[in-house]
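Below you'll find the structure, written out as structure tokens, and then a few comments.
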Amino acid sequence: MQAAELQTLRQQIAWRKRYDIWFGILGLLATMVGVLTLVALFVDLIMDGYGRLSWQFLTSFPSRRASEAGILSAWVGTALVMLVTAAAAIPLGVAAAVYLEEYAPRNWITDIIEINVTNLAGVPSIIYGLLALGLFVYLLDFGQSILSAGLTLALLILPVIIVATREALRAIPIGIREAAYALGASKWQVVSHHLLPYSSGGILTGIIIGMARAIGETAPVITIGALTFIAFLPPLPFTTDPATGATVGPFEWLFAPFTVLPIQMFNWVSRPQAAFLENAAATGIVIIIATLAMNGIAIWLRYRIRKTIKW
Amino acid sequence: MAHDMNMPTHPVVGPLKAETSGFHFYYGDHHALRNIDMPVGDKKVTAIIGPSGCGKSTLLRSFNRMHDLYPGNRYEGEIRLYPDNVNIIERGVDPIEVRMRIGMVFQKPNPFPKSIFENVAYGLRVRGEKRRSVIEEKVEEALRGAALWDEVKDRLDSLATNLSGGQQQRLCIARALAADPELLLFDEPTSALDPIATAGIEELIGQIKHRVTILIVTHNMQQAARVSDFTAFMYMGELVEFSPTEELFVKPKKQQTEDYITGRFG
Amino acid sequence: MAHDMNMPTHPVVGPLKAETSGFHFYYGDHHALRNIDMPVGDKKVTAIIGPSGCGKSTLLRSFNRMHDLYPGNRYEGEIRLYPDNVNIIERGVDPIEVRMRIGMVFQKPNPFPKSIFENVAYGLRVRGEKRRSVIEEKVEEALRGAALWDEVKDRLDSLATNLSGGQQQRLCIARALAADPELLLFDEPTSALDPIATAGIEELIGQIKHRVTILIVTHNMQQAARVSDFTAFMYMGELVEFSPTEELFVKPKKQQTEDYITGRFG
Amino acid sequence: MEKHLSSQFDEELNRISTQVLEMGGVVESQLRSVIRGLYQHDHGAIQQVLELEERVNRLEIEIDREITSVMSRRQPTARDLRLLVGVSRVIVNLERAGDEAARVARLTQEFIEAGAPRALPIDDLVNAAKMAADSIRATLDAFARLDVSAALKVIEEDDRLDVMYEGFVRKLITYMMEDPRMITPCLSLLFLAKAVERVGDHAKNIAEAAVYVAMGKDIRHASPQERESALK
Amino acid sequence: MEKHLSSQFDEELNRISTQVLEMGGVVESQLRSVIRGLYQHDHGAIQQVLELEERVNRLEIEIDREITSVMSRRQPTARDLRLLVGVSRVIVNLERAGDEAARVARLTQEFIEAGAPRALPIDDLVNAAKMAADSIRATLDAFARLDVSAALKVIEEDDRLDVMYEGFVRKLITYMMEDPRMITPCLSLLFLAKAVERVGDHAKNIAEAAVYVAMGKDIRHASPQERESALK
Amino acid sequence: NLVKVDGSSTVFPITEAVAEDFQKATQGKIKVTVGISGTGGGFKKFCRGETDISNASRPILEQEMKACAEAGIKFIELPVAYDALTVIIHPKNTWAGELTVADLKKMYEPAAQGKVNNWNQIRSTFPNAPLKLAGAGADSGTFDYFTEAIVGKAKSSRGDYQATEDDNVTIQYVSRDVNAIGYLGLAYYLENKDKVKAVAIKKDDKSPAVLPSLETVNKGTYQPLSRPIFIYVSTKAAERPEVKQFVEYYLRNAAKLSKEVGYVDLPAKAYELALDNFRKGKVGTAFGGHAEVGVSVEELLKREMKH
Amino acid sequence: MAEASTRLHINRQRQARERLIEGILFLAASSAVAVTVAIVVILLYEAAGFFQHVSIVEFLTNTQWTPMFENPQYGILPLVTGTLVTAGVALLVAVPTGVVVAIYLSEFAPAAVRETIKPFLELLEGVPTVVYGYFALLFVTPLLQRLMPDLPGFNMLGPGIVIGIMIIPYVSSVSEDAMRAVPMHLREGSYAMGATRFQTATRVVFPSAISGVLAAFILGISRAIGETMVVAVAAGQQPNFTWDPREPAATITAYIVQVAMGDLPHGSIAYQSIFAAGLVLVLMTLVFNIIGHLLRRKFREAY
Ligand SMILES: Nc1ncnc2c1ncn2[C@@H]1O[C@H](COP(=O)(O)OP(=O)(O)OP(=O)(O)O)[C@@H](O)[C@H]1O
Ligand SMILES: Nc1ncnc2c1ncn2[C@@H]1O[C@H](COP(=O)(O)OP(=O)(O)OP(=O)(O)O)[C@@H](O)[C@H]1O
Ligand SMILES: [Mg+2]
Ligand SMILES: [Mg+2]
Ligand SMILES: O=P([O-])([O-])[O-]
């Protein structure tokens, strides 16, 4: 190559490389928008609510006195609602995904189901609230119970679980299925021996991400008419009710009144006394930490399972 | 062992393990195989070669009704399995039963992401075998049969996916062998392997052919030449020529075959 | 065309386009290439063969500093490019400049999901060429050079990914050719292709070698035998033997080479 | 012949074929020179034969090397493989034929130097030599065109040559018996005739190789009936 | 020899080698029988030689088929390819040697039937035949062991045989001149000697093939000096 | 042993405080839940028999009464405290310390929409500055009451003002803008006196300007922006001892607790009357199914009830 | 081998079991349809009451939405524009930023940076949306007011921006997944031509991942449209027919929560109006999802 040509070539490379630097800076800035917002939010919440974060806060019921108020009923409520959500959404979502991915014939019924699922994922959460109000609270008469809320949030995260499960199933190479079939396995054997175990990582991640989203949901729970003041916990199964002396049934807690963290927070936010704002911030911190923990678990699971399962 | 009385004898091939006649296959509207008549000699290696898309895999996969897994596929004609003398593509025949007797090894090694032991034991588990001792015995036998025992006997519990490509493919062969198949189908079993691993698999095919009938599809003509007793050449969904391998490679009967194997295809 | 005055002449190979000397490569702590001295004859095809993992691709990819894309890799020694007589792995040398002069074709055809035209034009666009007429001319020339023009001239605007595998790989060659490379690297260019497409690519290599120096890595010894003028045999990160191809395949100098090419490797 | 996907392979096979034909041409011209030398006592012609022997040897080695090279690099099968195997048989025979031609030349020289009695039945020999040279040409033609029936004709022709040779030997014996002084020249002629007969044999072998290439049937050592049935 | 990854390939090569040695053994035993027949006028031995010819021919065709088959199926290179090429050269020469043995047998029979005059110098011939048979054995040995120096010895030996042959021919001429009645038997002996000499040539060719297989050098048509330099 | 209360968010803090103390007093034997679904949502549940007590920041409406009647639910209306709507302005706002109802009407009436955008359109003495209005969300009891009291007709309002359900937000809004004005519950003003300033309200030009405070409301001088807030008890539920116990506890402690959470207690007499009404099971509403402004609580409690 | 031929016959028991399982799974899959049907039925049922009083023409053409006022007006357009404008602002923030972040993380950032920042960004999704509402109202809007002194305290710009920030992780993580799914050999193909990082990222990786990026946009749009609490808190709950993001407005979702938490008597037309509004919202997301579906099909990855 001639020296002159080389010279122009080099100039032109130097020019092109400048974009790399500019874009690198731009990218970093863009990333920082998100990161800084989060940091700002979190720091703000911590500054407001740090003082209230204590054991007492976690183990007390709500109160008109901000400094005595706590979130016991709220986090227990959230935990129980999540339990119902998980119990309803996981089997349903996984089964639906398995059906769509492995069983469904390619016909219009399947198409409808498919489009439905994608569409459900985009339906605003408030609409689920409206649905739940009509369906669970009134039609099925579950009332404003843990069951209603759990089922509502289950519907909300159902598409998330279905989509995640389908993706996890799709990531399993066709060769694995064919290998199992070729050994004489039946369809259900293929599903239960192989597909579900191998996709468990993806499924779990999907479940956790869905649940993390559900924890922070306010709107649908508000719509079904959440309670706000609850100064007792749902009855433990098989204990004796102090008031009636009767033994508590195993599922009684499902129909118990409850509140959840975001509602508690929302309620406190709109109280006139500034002290309640601290409580709200502290509740916000608890919610964020819960989602953080769940995301952490999801990441860890993804990593663990990615290490053992490769094709 | 004298061959079963119910095995018909073919003039060129000898006792038959299976045979297609007037066999057609359709992917929906696409007529992928046309009127295939092919014998499969008992305890022989039969290779299927031909240009890409000629229907090799389609034919092979018809033997264990793999096409049943996908909608819209249609078989026509006969694939008889001997000594039963049953047309295995008939409606009344259970594809699962067919697959229990006809094993398959795939192009890409596809061990399950389970332990080596569980991989080989899987065929037995599917059959409902629960006795640990029986399973252990069969697993060892199959791994020995696949020339893998010595390499893995000390780590039967480690993940199969950590084996090298060649070992994985031998594991897949062991997995198929453990189920005592009468016919073993190979679909380009070495195309994902390097030459040394390939040589290992070919060597293994040479060893197991005394026990089981083998049908192998390969892109690699030389591989067909190396491992098979009989070779079928397919083109555009038809069986152009079926001959003893040596004859096909030195003195093919059909011009199309000759053109293909000498690299004159247009 | 008489060769450039700055091209040294090698006793076996003749005028050199490039040459490695005392070349080492490290993937982090893993010493993948050891002390490689290999000449690359100008306008010749040099093939690199050897067992899986011996470092063929690593060596090839060192020629256009592909390893710079991943962290932790380290070069040592020299890869001289002639007639410039620069050590292209030196710090001061810009990898982008190197890559603009040394093209590469990969194992799996990797056309960009753009139109056929845009694929071939990519190298020019990257260089900032804007004149439509210049680009069109170059694209046609490159497509002709890659023996693809007649097949695609009527659908230059259709997606490259809709081409067949063999056409895609020829498109990738055209894409590389359009950038007027002095040296073209092929890393197992046909291992994803069927035999007929493979033959097409080999044929093409035979045609373009009059214009550009070629370095090709292949798993397939016969391919090396078929397409190359010189063959290097590598083993465990070292260059065991470098000879004219015919000599290497009929009468190799080293026992290791002989064992490998005759299938005696253990 | 249809083309290979690899034009280089085609080129290589073409080059080999051309070289074989060249070698055949050289051998044939040796034979023609020998005939001229014998008939016209042409020293120059004889000299030429001996010189050409070198070239034939070189061609044999070169073609053989190319065959090996193609085999190692191209994995020929079917007709390509048969062609290469056939060519390697052809060149062995051509080289031998060339050898015989050289031998004839040397003997002719001796014979002439020894006084070459005019009385001896040299015409028969010349005719035989012509026949042998024609056979070589015919067989190479058959090989080049893979013309089985032409090749079979060459094989049958060889029988005629053998019969001529037998007759010629008997004739010579009577000459020798009649006049013991004739023994040495007659022996020369005898060896000459033997060499010519061998050329015929080589032509026949080449024809057999042509049949092998064309049909994949090895008809060496086969009786005429076996041949017939093999080629059906 | 180290083993291939493919044991079947090993088996195939082994089978070919065994067959070559078997063929060599048959040819050698033909030669030994011929010697016995010549020396002891043993009709049975001569008959045996003729019968064995069939077998040699069959072996040639069979081995050739196997070589082609291996070539078409295994893409041999380097030493494997050279071995197959070498073997194909060896069997051609063995078959020729077998042919010569048969020829000798036939001539011996004629010779004996014609009355076999005791006066003729048959011992020289027998010695030469023994030498030729030894050469065949030695050359096959060298080939089997790929022993280059043993092969070179065989090549040199052939020169001695050629010298013996020349001397024998001269001797026979004097016999014929002395007594014209001896012409026919002498001619028989002459052809016999010629055949024996040819066997030596074939042994030499086989030795050259051995050198080729072992070292990849084609030393055919090379002068002794050229040989030396090639093998350095 | 579960008392279910739901309804207005305005009443919630009082009921919450009562429930808290009540549960402590009964050592958790009786459980009380308090929800927020708005006065309307509360009545819906109440009239379906799902709740025992409904918090309400406005009297029950005709439509709701019909629903209750259809379900056979009878109710006892019990005022529990006053909420005073406070009109607030920025502390630096020097001109609007006192406003008449007519002034406010000029600002908020529907006819003002898009037209009245400047302070000097209210009174020519006011500065030429943009008028920035804030207020309650259109579906709150606060909104209904404010429009009724100021414009004269419930829900009759201009639409282009900053509406929010959250009074803290109104505080924020007004505290940031010198030209802003808004209205909200008294409690919010009392908590944020440092950020906003209350406007003294004159009923008409002649009346004195009254600043909102516990006293002025309790005495009934802060008019017309004081309103009573209620609980409605289902008669069926009232038969249950725990409900009865709770309601009585409520009425006994409402004075103290409503002050504590920022509302204005009713005159002591009113609580007695209410308790009396409750014990007598005096069902129905003192309102005709629509809002009314400026009636005293005592008067209300004595009225003939309408069902 | 007498049993040989019977061995191939269909195993009824197994077949029955398989059928049963398939049936159960089918029911589970149908639940998705059931949910949709339930949503539509409930919305339609409640909205039917609404449409008995309000003509669809008015609903779709009137530019005023004041169901709770004395003279109620039922024109959905102000809510629709409010929804679209906030979503639009959100997308204007989220799409470029998300894509730049995705490109940066997938192509520029060192692995360590990527692996730390990604989960961090994903946390943005985990923050309760109420918090974002107050963040928009109390932090972003005042900040904007410094730049635009005339900006009202409630406006669509602030919440739009915050929703945008909130959905950055949606856009960036889905886009980044799509970009990372672009096989390395395509990138190598580009680098081998002498392209720079920027050129490779923008000319090869981005176009190759376009279908995934579009999917991310659609996800983001659905999410932005459906976001409730942020706008409910910070945009002002005042239906306002305007395309100007600086003005306050209500969105459909904000209206629904507002009413759901409010004092309206149930069964009133105003109350039923939230179902009519919900129906519109569902239709809007449906339209976007279908567009997304079509776009994805059109640009399906083909590397
Ligand atoms: N699932 C399918 N649906 C429709 N057509 C198909 C399907 N699978 C294969 N085909 C078509 O059927 C024909 C035969 O395909 P098949 O896979 O059997 O070819 P093959 O000979 O195995 O080719 P290859 O060597 O590339 O594997 C081809 O034309 C192919 O395009
Ligand atoms: N990115 C990497 N990091 C660490 N080690 C590597 C990496 N890539 C390759 N290696 C190692 O370097 C050695 C040479 O690898 P290379 O890919 O060059 O082999 P190869 O000869 O091309 O093999 P193949 O024929 O399988 O492509 C191998 O041992 C391999 O495991
Ligand atoms: Mg296939
Ligand atoms: Mg490599
Ligand atoms: O929640 P409210 O009814 O008091 O507005």
Side-chain angles (χ1 to χ4, degrees), chain D residues 53-54 56-62 64-65 67-78 80-82 84-86 88-89 92-93 95-96 98-99 169-170 172-184 186-188 190-191 194-195 198 201 205 212 216-222, chain E residues 53-54 56-62 64-65 67-78 80-82 84-86 88-89 92-93 95-96 98-99 169-170 172-184 186-188 190-191 194-195 198 201 205 212 216-222:
Chain D
E53 203 200 349
E54 255 301 278
V56 172
N57 289 346
R58 266 209 324 277
L59 274 168
E60 183 193 15
I61 287 182
E62 198 174 313
D64 240 344
R65 223 207 55 236
I67 290 172
T68 321
S69 151
V70 169
M71 279 188 168
S72 75
R73 287 169 35 235
R74 303 249 172 222
Q75 320 142 40
T77 49
D80 297 326
L81 177 59
R82 298 201 307 268
L84 292 175
V85 168
S88 79
R89 288 188 195 158
V92 169
N93 281 291
E95 192 269 342
R96 293 265 157 87
D99 264 9
V169 170
R170 231 159 274 134
L172 281 182
I173 293 180
T174 55
Y175 276 85
M176 287 195 273
M177 305 257 244
E178 276 166 15
D179 182 356
R181 280 168 314 168
M182 285 291 164
I183 286 178
T184 312
C186 273
L187 279 182
S188 289
L190 194 64
F191 287 130
K194 175 80 191 160
R198 295 296 296 155
D201 280 354
N205 290 345
Y212 173 73
K217 299 267 160 91
D218 199 334
I219 55 166
R220 291 177 295 181
H221 313 303
Chain E
E53 205 201 348
E54 255 303 275
V56 171
N57 288 347
R58 265 208 325 277
L59 274 169
E60 183 195 16
I61 288 183
E62 198 173 314
D64 239 344
R65 226 207 52 235
I67 291 171
T68 322
S69 154
V70 169
M71 279 187 169
S72 76
R73 286 168 36 235
R74 304 254 171 218
Q75 321 143 36
T77 50
D80 298 325
L81 177 60
R82 298 201 307 268
L84 292 175
V85 169
S88 80
R89 287 187 197 159
V92 168
N93 282 290
E95 192 268 344
R96 293 267 157 86
D99 263 9
V169 170
R170 234 160 272 131
L172 280 181
I173 292 179
T174 57
Y175 277 84
M176 286 194 273
M177 304 255 245
E178 276 165 15
D179 181 357
R181 279 167 318 167
M182 284 291 156
I183 287 178
T184 313
C186 275
L187 277 184
S188 288
L190 192 66
F191 287 131
K194 175 77 190 162
R198 293 299 296 157
D201 280 355
N205 289 346
Y212 172 74
K217 301 268 160 91
D218 199 334
I219 56 167
R220 290 177 295 179
H221 313 303

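Residue numbering restarts at 1 for every chain, and letters A, B, ... go by the order of the sequence lines. Hydrogens, waters and symmetry mates are skipped; everything else that's a heavy atom, side chains included, is used. The structure presented is a predicted model; accordingly, all values stated were derived computationally and were not measured.
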Check each atom of D/Glu178 against the heavy atoms of chain E and say whether the ones under 4.5 Å are side chain, backbone, both or neither.
-> neither

Is it the side chain or the backbone of [X] that comes within 4.5 Å of chain D heavy atoms, both, or neither?
X: E/Glu54; result: neither
X: E/Arg170; result: neither
X: E/Asn205; result: side chain
X: E/Asn93; result: side chain
X: E/Leu190; result: side chain

Which distance, rounded to the nearest 0.5 Å, do you find between the CD1 of E/Ile173 and the CD1 of D/Ile183?
-> 8.0 Å

Close side-chain approach of [X] to [Y], heavy-atom, < 4.5 Å:
X: E/Arg73; Y: D/Thr77; result: no
X: D/Leu172; Y: E/Leu187; result: no
X: D/Asp64; Y: E/Arg89; result: yes

Have D/His221 and E/Glu60 got a donor and an acceptor in their side chains that come within less than 3.5 Å?
-> yes

State which residues pass side chain to side chain contact (heavy atoms under 4.5 Å, CB included) with E/Arg181; sequence neighbours excluded, sorted by chain then number.
-> E/Asp179

By side chain to side chain contact (heavy atoms under 4.5 Å, CB included) - contacts of D/Thr68 (at least two apart) = C/Val250, E/Leu81, E/Val85, E/Tyr212

Interface residue of largest heavy-atom contact number with chain E, from D/Arg65, D/Arg74, D/Met177, under 4.5 Å | D/Met177

Option in E/Arg220, E/Arg82, E/Arg58, E/Gln75 with maximal non-hydrogen atom pairs under 4.5 Å from chain D | E/Arg220

